[in-house]
Every structure is written in structure tokens, then in C-alpha cells.
Amino acid sequence: MKTLIQQVKGTREFYPSQMEIRRWLYSKIEEVSIRYGYQEYDGPFLEKIELYAAKSGEELVKEQAFVFPDRGGDLITLRPELTPSLARMVAEKQNELVYPIRWWSFGPFWRYERPQKGRTREFFQWNIDLIGADSPEADAELVAICASFLRTIGITPDQVKILVNHRKLVDQELFALGIESDLKKEVFHLIDRHEKMKKEDWESSAKEMGLTQQQIVGVVEIMQDKELWRKSPELIRVFSALESLGVSEYVAYDPKIIRGLDYYTGIVFEAWDVGGDGRAALGGGHYDNLVGDVGGKPLAGVGFAMGDVMITLLLEKYNKLPVSSQYKDCVLVTVFDESLLTSSLTFAAELRKNGIKTIFYPEIAKLQKQLKFADRLGIHTAIVIGPDEENLGNLAIKDLPHGTQEVVKRSEAIDKIKHLLAQQSRV
RNA sequence: GUGGCUGUAGCUCAAUGGCAGAGCAUCGCACUGUGGAUGCGAGGGUUGUGGGUUCAACCCCCAUCAGCCACCCCA
């Protein structure tokens with residue numbers, strides 16, 4: 001064991017049972033994305049560092065990206081997010097695309113960070129964006145997609161809530177307190193971190209960045225005002241749209257939601273475990289000028305990203321992960337001895353020809369061992385062809401969950417097995 | 001990048017500084033034409049690695065590596 005080369009820190013190994021979950025997640029994401037009329041796309045996994053340098057969060061690129069020189073000396077980055085690539089892809093074909101664009105993607109991303117609960121260095125992310133529309137109803141659509149997804153995977157509104165806020169509203173409120181420009185950015189950050197900090201620490205940091213006592217009180221009032229959204233014409237329309245879309249039970253207004261990324265200019269939202277701990281399972285918002293940063297004409301949009309790690313933890317916590325079913329509908333054809341190997345092999349082929357998932361025991365072993373193998377894999381049906389059956393042109397069909405066995409004519413076996421599999425799948 | 005906790009059999013974990021163990025798993029037998037159950041037995045370890053203290057180290061000290069958790073940031 002000691003000679004095994006360790007895997008790269010924070011990377012993921014997907015054993016079949018985990019791969020099954022990953023594919024299931026992908027299928028649910030696809031289902032919801034398609035239901036809302038979105039098209040799948042993808043960008044490169046490798047990008048030049050310059051693509052991210054202009055925007056994103058400063059730290060996201062400088063400290064959290066995997067960067068290495070290629071043979072030509074260019075600095076190459078393993079993509080830490082998809083949005084800049086998306087912006088470029090839109091800019092490249094800006095005049096031929098039909099707006100609004102509805103695109104989604106699911107793929108791997110890398111961030112050079114210290115792994116911990118809910119965070120790895122290699123992860124999969126669902127990105128979904130509506131670009132070229134600039135209305136509260138467009139914003140609401142993305143929140144609704146998020147809610148529909150939660151509903152589709154079996155997460156209920158009392159388990160996970162989507163918390164919504166609007167940056168223009170916060171801007172306006174902070175402006176009223178005399179907080180603007182650089183200081184505003186710092187206060188955004190402070191609001192974002194409020195939940196994690198002790199009250200005294202929070203207040204002392206607020207003072208440190210130069211807020212007056214009056215301003216601090218004002219910020220605290222903003223953070224506690226659950227009715228503040230009524231001052232935002234945009235949010236009023238967003239919540240009204242969400243009501244019409246039938247997902248408002250999943251949504252709540254929260255004045256503390258800000259988000260770290262600088263490019264959000266309108267609605268911002270995150271999905272949180274109501275049980276409190278952990279981190280946001282998903283986050284997104286509205287941006288005014290995404291495409292402009294990479295050289296296109298300004299184009300507004302709204303989108304969100306969801307990582308596979310946190311959502312899987314939530315599914316696990318609420319016991320909503322799919323139950324493995326890989327071998328339920330599979331038939332094991334056992335091998336009795338060398339003289340009957342060909343007979344079993346032939347029958348296995350016949351099963352497959354009829355579209356039945358079939359495993360052939362690949363060597364001669366005790367029946368006991370072969371049946372134990374079937375049991376361990378969760379196979380429900382086993383075929384035994386021994387001398388007694390073979391001589392009469394029969395074979396034995398074992399129903400493992402019921403512990404029963406039926407000897408039938410080989411010519412009738414396929415129909416019997418199909419019937420049995422159909423019965424078992426109903427259980 | 002900063003801090004805390006933990007590294008003992010394949011897995012989960014025991015073991016006052018004094019002979020390294022259990023449960024589960026694996027393999028074998030009871031049971032050479034039938035899985036889950038039961039009983040009996042077997043294999044499996046340089047106690048993460050390197051140094052130090054000691055008559056004696058899984059245990060104490062130092063370093064290092066790895067894992068987990070938190071901070072930072074974020075999916």
C-alpha cells in the first residue's frame with residue numbers, strides 16, 4: 001500500500017457507486033434546464049490567465065487558480081469558473097446569436113484552495129445563464145429554475161431556501177447613510193460576513209474601516225429589515241413573478257445576501273440549508289456588463305452556478321440520494337463445470353440478444369461462490385445449467401430475493417425471465 | 001496562506017511507558033448441485049515517515065508528510 005502514488009490533493013475519484021450519483025445529478029440538471037428551454041454548451045477547460053485577470057474576484061485568479069506555463073511560455077489556467085469563457089463565446093458571435101440566449105453547462109472546474117467540508121480542489125459545476133434580457137421576470141426565471149431543481153431532486157422548502165437580495169437596493173440604502181464608492185465595497189464584504197463573525201468583532205471592523213456609529217447602526221438596521229424589499233420596484237416584480245411561477249415557497253428575502261463576485265449589479269441569490277451550518281449550495285445574480293469586459297458590446301444577463309459537492313452533501317443529509325440499482329435488472333449465468341461452459345455461454349449470448357443485461361461468471365467455480373457473487377452485487381436473477389437440466393433441455397431460473405427456483409424448458413426460458421424481471425422491477 | 005484535531009490490520013476503532021488487540025470484511029472448512037444464516041479455523045502490522053528521551057515508546061519530545069475541521073475566499 002505504501003508504494004501507491006497519492007492522488008493530487010483535493011482531486012476526486014469516482015468509484016462506480018459515486019459515478020452513479022454524479023450521472024444522476026447530471027440527468028436531473030439536464031432535465032430541469034431543458035424544461036425551461038435552455039441549450040447545453042461548454043467552454044475550454046484550459047484558458048489563458050488573461051481571461052480571468054480583468055474581472056472575477058481578484059483573489060479568485062491570483063490565489064485560487066491552478067496556473068502553469070505551457071511549452072511556449074504562456075500562463076495557462078485550469079478554469080476556476082465558466083462565466084468569462086461564456087462571455088467570450090457570446091462576444092465572438094454577438095451579432096449572429098438570437099437573444100435572449102438560454103444556455104447551460106455541467107463540467108469540471110479547479111480551484112487551488114485548502115480542501116474541507118463541501119469544498120475540493122476539483123469539482124463539477126452547473127452553470128446556467130439567461131443573456132440579453134434585462135427584466136425582473138428574467139431574474140425570477142433563474143430563481144425559479146433553482147427552485148424547480150430543488151423540487152426535482154426531492155429537497156423541500158423547509159430544508160433549503162433560496163435567499164434573494166438586490167444590489168441596487170443595498171446601494172441605495174448605503175448611499176442614504178453616506179456610504180459610497182470604495183467604502184461601499186468594504187461594507188458589502190462586511191455584510192456578507194456578518195453571520196460568521198462575533199458581534200464585537202463585526203463592530204470593531206466596521207469602525208476600523210471608518211464607519212461612524214450612526215452608519216453602523218444604519219447598516220445593522222438594513223441587515224435586519226426583512227421588509228426592505230418593498231422599497232425595490234425590481235424585487236417587488238421578482239417576488240410577484242415567483243408567485244405566478246409557483247415557487248415562492250422556496251424563496252425568501254434576505255438583506256444580508258451580497259455575494260463576493262464584483263460583477264453582480266442587480267439581483268443576487270444563494271441557496272442555503274435552513275439548518276444553518278455549511279456554506280451556500282448555489283449562488284448567482286444579475287450582471288449588466290459581462291460581455292463588455294472581453295471586448296463585446298455591453299449585454300445584460302442573469303445566471304447562477306451550483307457545485308456538485310455541497311448539493312451532494314445536502315442530498316446525503318436529507319437522505320435523498322438515489323438508491324443504487326445497477327444490477328437489479330441483471331441476470332447472472334452460472335457455469336456448472338467445464339463440459340457445460342459452452343452451454344451457459346451460449347445462453348448468456350441469447351439473453352443479451354434479447355436485450356437483457358447479463359453477466360457471465362467468467363471461470364469455473366463452486367456454485368456457492370457464484371451465487372454469493374450474485375448476492376453481493378445485488379443481482380436478483382441467476383441461471384443454473386447443470387447436467388440434470390442440460391440432459392432434458394431445461395435450465396433453472398433462480399429468483400434470489402424470494403429464494404425460489406423454477407426449472408423450465410430452455411425454449412421458454414427467455415419469456416419466463418422477462419416476466420420475472422418485470423415482476424421484480426415492480427417491487 | 002493562518003490555526004486546531006487526528007494518523008495502529010482492507011474498514012471502524014481499542015491498548016497506565018512493560019508480549020500490538022477486537023468487531024466487520026477476506027479466505028478455508030462444516031456444505032464437492034445452490035446466495036443471505038450459524039459455528040469453527042486461517043491469513044493479514046516496520047503502530048504514516050525520520051530523528052530524540054528512556055533499561056524499555058503505539059504512548060513522551062522535535063521535525064516531516066497525509067487526512068479532517070475552521071479562517072480567508074468561494075460552488
Side-chain angles (χ1 to χ4, degrees), chain A residues 1-10 12 25 29 56-65 79-83 105-128 146 189 192-193 195-198 201 258-262 264 269-272 277-285 303-314 332 334-337 340 361 364-391 395-407:
Chain A
M1 283 304 280
K2 294 197 173 91
T3 55
L4 284 183
I5 295 183
Q6 285 167 347
Q7 72 185 100
V8 174
K9 188 199 278 281
R12 318 270 296 284
L25 198 62
I29 285 167
S56 304
E58 286 282 295
E59 181 163 344
L60 196 102
V61 182
K62 286 191 181 135
E63 287 165 41
Q64 299 180 358
R79 62 179 187 183
E81 59 163 336
L82 188 58
T83 311
S105 182
F106 182 79
F109 294 86
W110 295 266
R111 287 186 197 171
Y112 196 83
E113 287 198 280
R114 195 93 144 223
Q116 55 188 275
K117 192 171 190 181
R119 198 180 66 194
T120 56
R121 287 186 173 182
E122 183 174 56
F123 57 96
F124 284 79
Q125 201 176 65
W126 175 27
N127 284 267
I128 183 160
C146 177
H189 192 216
D192 200 36
R193 294 197 319 156
E195 298 289 270
K196 282 189 175 177
M197 295 173 76
K198 281 191 221 139
D201 293 344
I258 291 288
R259 301 197 49 69
L261 295 173
D262 294 339
Y264 293 123
F269 56 95
E270 294 178 347
W272 281 88
D277 60 329
R279 59 189 68 238
L282 156 172
F304 69 82
M306 182 190 78
D308 69 313
V309 182
M310 262 314 290
I311 199 72
T312 304
L313 283 176
L314 286 174
L332 174 76
T334 62
V335 182
F336 193 85
D337 61 25
L340 290 162
Y361 202 87
I364 293 151
K366 284 183 181 173
L367 265 184
Q368 192 177 193
K369 195 176 170 184
Q370 299 186 46
L371 290 168
K372 187 166 187 174
F373 168 80
D375 196 45
R376 293 290 297 273
L377 281 190
I379 291 172
H380 284 182
T381 310
I383 305 302
V384 178
I385 306 174
D388 297 346
E389 290 84 7
E390 179 72 5
N391 292 336
L395 53 75
I397 304 168
K398 275 186 76 71
D399 179 344
L400 279 86
H402 292 101
T404 55
Q405 174 172 322
E406 192 182 358
V407 177

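Model, not experiment: these values are computed from the prediction. Below, each value reflects all heavy atoms present in this structure, side chains not excepted, and no hydrogens, waters or symmetry copies. Every chain is numbered from 1, with letters handed out A, B, ... down the list of sequences.
With P as the reference atom, B:A22 and B:A63 are 36 Å apart, rounded to whole Å. A distance of about 15 Å separates the P atoms of B:C72 and B:G3, rounded to the whole Å. On the C1' atoms, B:U47 is 10 Å away from B:A9, given to the nearest whole Å. Across B:A25 and B:C61, the matching P atoms stand 37 Å from one another, rounded to whole Å. When the P atom is used for both B:G7 and B:G17, the distance is 15 Å, rounded to whole Å. B:G35 sits 32 Å from B:G45 when the P atoms are compared, rounded to a whole Å. Atom name C1', nucleotides B:C59 and B:A15: the rounded distance is 10 Å, in whole Å. Comparing B:C60 with B:U2, their C1' atoms are spaced 28 Å from each other, to the whole Å.
Checked options A:Ile383, A:Thr334, A:Leu371; the residue passing with A:Lys398 is A:Leu371 (criterion: side-chain contact (heavy atoms from CB on, under 4.5 Å)).
Across all strands, A:Ala374 comes closer than 4.0 Å to no nucleic acid atom at all (heavy-atom distances). Among the protein residues, A:Ala382 comes within range of no part of the nucleic acid, since none of its heavy atoms lies under 4.0 Å from any strand. Within the 4.0 angstrom heavy-atom criterion, base atoms lie near A:Thr120. At the heavy-atom level, A:His380 lies nowhere under 4.0 Å from the strands shown. Residue contacts for A:Asp308: at a heavy-atom cut-off of 4.0 Å it reaches no nucleic acid atom on any strand shown.
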Pairs under 3.5 Å (N/O, protein and nucleotides 67-69 of chain B):
| unit_1 | atom_1 | unit_2 | atom_2 | d |
| --- | --- | --- | --- | --- |
| B:G67 | OP2 | A:Lys9 | NZ | 2.8 |
| B:C69 | OP2 | A:Lys117 | N | 2.8 |

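The side chain of A:His189 approaches B:C73 more closely than any other nucleotide in the set B:C73, B:A75, B:G33.
Judged by distance alone with a 3.5 Å cut-off, no donor-acceptor contact links the side chain of A:Arg279 to the base of B:A75. Residue-to-nucleotide contacts include no donor-acceptor pair under 3.5 Å from the side chain of A:Arg119 to the base of B:C74.
Using a 30° and 60° split on the angle between ring planes, A:Phe269 and A:Phe304 fall in the perpendicular class, above 60°.
Between the P atom of B:A75 and the CD1 atom of A:Ile128 lies a distance of 16 Å, rounded to the nearest Å. Whole-Å rounding puts the A:Leu82 CG to B:A75 C1' distance at 13 Å. Protein atom CG of A:Leu313 is 20 Å distant from nucleotide atom P of B:C74, rounded to whole Å. If you take CG of A:Leu340 and C1' of B:G33, they are 11 Å apart, rounded to a whole angstrom. Protein atom CG of A:Leu282 is 9 Å distant from nucleotide atom P of B:A75, rounded to whole Å. The nearest whole Å value for the distance from the CD atom in A:Glu113 to the P atom in B:C71 is 12 Å. Rounded to whole angstrom, the span from the CZ atom of A:Phe123 across to the P atom of B:C73 amounts to 17 Å. The CG atom of A:Asp201 sits 12 Å away from the C1' atom of B:C71 (whole-angstrom rounding).
A:Thr381 is linked by a side chain to side chain donor-acceptor pair (under 3.5 Å) to A:Gln424, counting only residues two or more places apart in sequence or in another chain. The side chain to side chain donor-acceptor pair (under 3.5 Å) search around A:Gln405 returns none, not counting sequence neighbours. Residues passing the side chain to side chain contact (heavy atoms under 4.5 Å, CB included) test with A:Gln368, sequence neighbours excluded: A:Lys366.
Under the 4.5 Å side-chain criterion, counting only non-hydrogen atoms from C-beta, A:Arg79 is in contact with A:Pro108. Taking the side chain as every heavy atom from C-beta outward, A:Leu340 and A:Glu389 never approach each other to under 4.5 Å. The side-chain heavy atoms of A:Val8 and A:Trp110, taken from C-beta on, include no pair separated by under 4.5 Å. The shortest distance between side-chain heavy atoms of A:Arg114 and A:Arg119 falls below 4.5 Å. Between A:Glu81 and A:Arg111, some side-chain heavy-atom pair lies under the 4.5 Å cut-off. Looking at A:Leu282 and A:Ile311, their side chains never come closer than 4.5 Å, going by heavy atoms from C-beta outward.
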Checklist entry - Just the dot-bracket of RNA chain B, please: which string comes out with Watson-Crick or G-U pairs under 3.5 Å, [ ] for crossing, | for another strand? => result (((((((..((((....[..)))).(((((.......))))).....(((((..]....))))))))))))....
Checklist entry - Tell me, for nucleotides 34-39 of chain B in 5' to 3' order, what letter each nucleotide earns: B for a base near a protein heavy atom under 4.0 Å, S for only sugar-phosphate near one, - for neither? => result BBB---
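Stacking between A:Phe109 and the base of B:A75 is absent under the criterion of ring centres within 5.5 Å and planes under 30 degrees.
In terms of position along RNA chain B, the nucleotide closest to A:Tyr112 lies nearer the 5' end than the nucleotide closest to the other residue of the pair A:Ala305 and A:Tyr112. Each of A:Ala281 and A:Arg193 was matched to the nucleotide of RNA chain B holding its nearest heavy atom; the match closer to the 5' end belongs to A:Arg193.
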Next on the checklist: side-chain contact (heavy atoms from CB on, under 4.5 Å), that's the test. Do A:Phe124 and A:Ile29 meet it? Break it down for me.
Outcome noted: CA-CA 12 Å; A:Phe124 284 79; A:Ile29 285 167; over 6 Å; no
Next on the checklist: Please determine whether side-chain contact (heavy atoms from CB on, under 4.5 Å) holds for the pair A:Gln7 and A:Glu122, giving the CA-CA distance in whole Å, both sets of side-chain angles, and the decisive distance to 0.1 Å.
Outcome noted: CA-CA 12 Å; A:Gln7 72 185 100; A:Glu122 183 174 56; over 6 Å; no
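If you take CG on A:Leu400 and CG on A:Asp375, they are separated by 6.5 Å, rounding to the nearest 0.5 Å.
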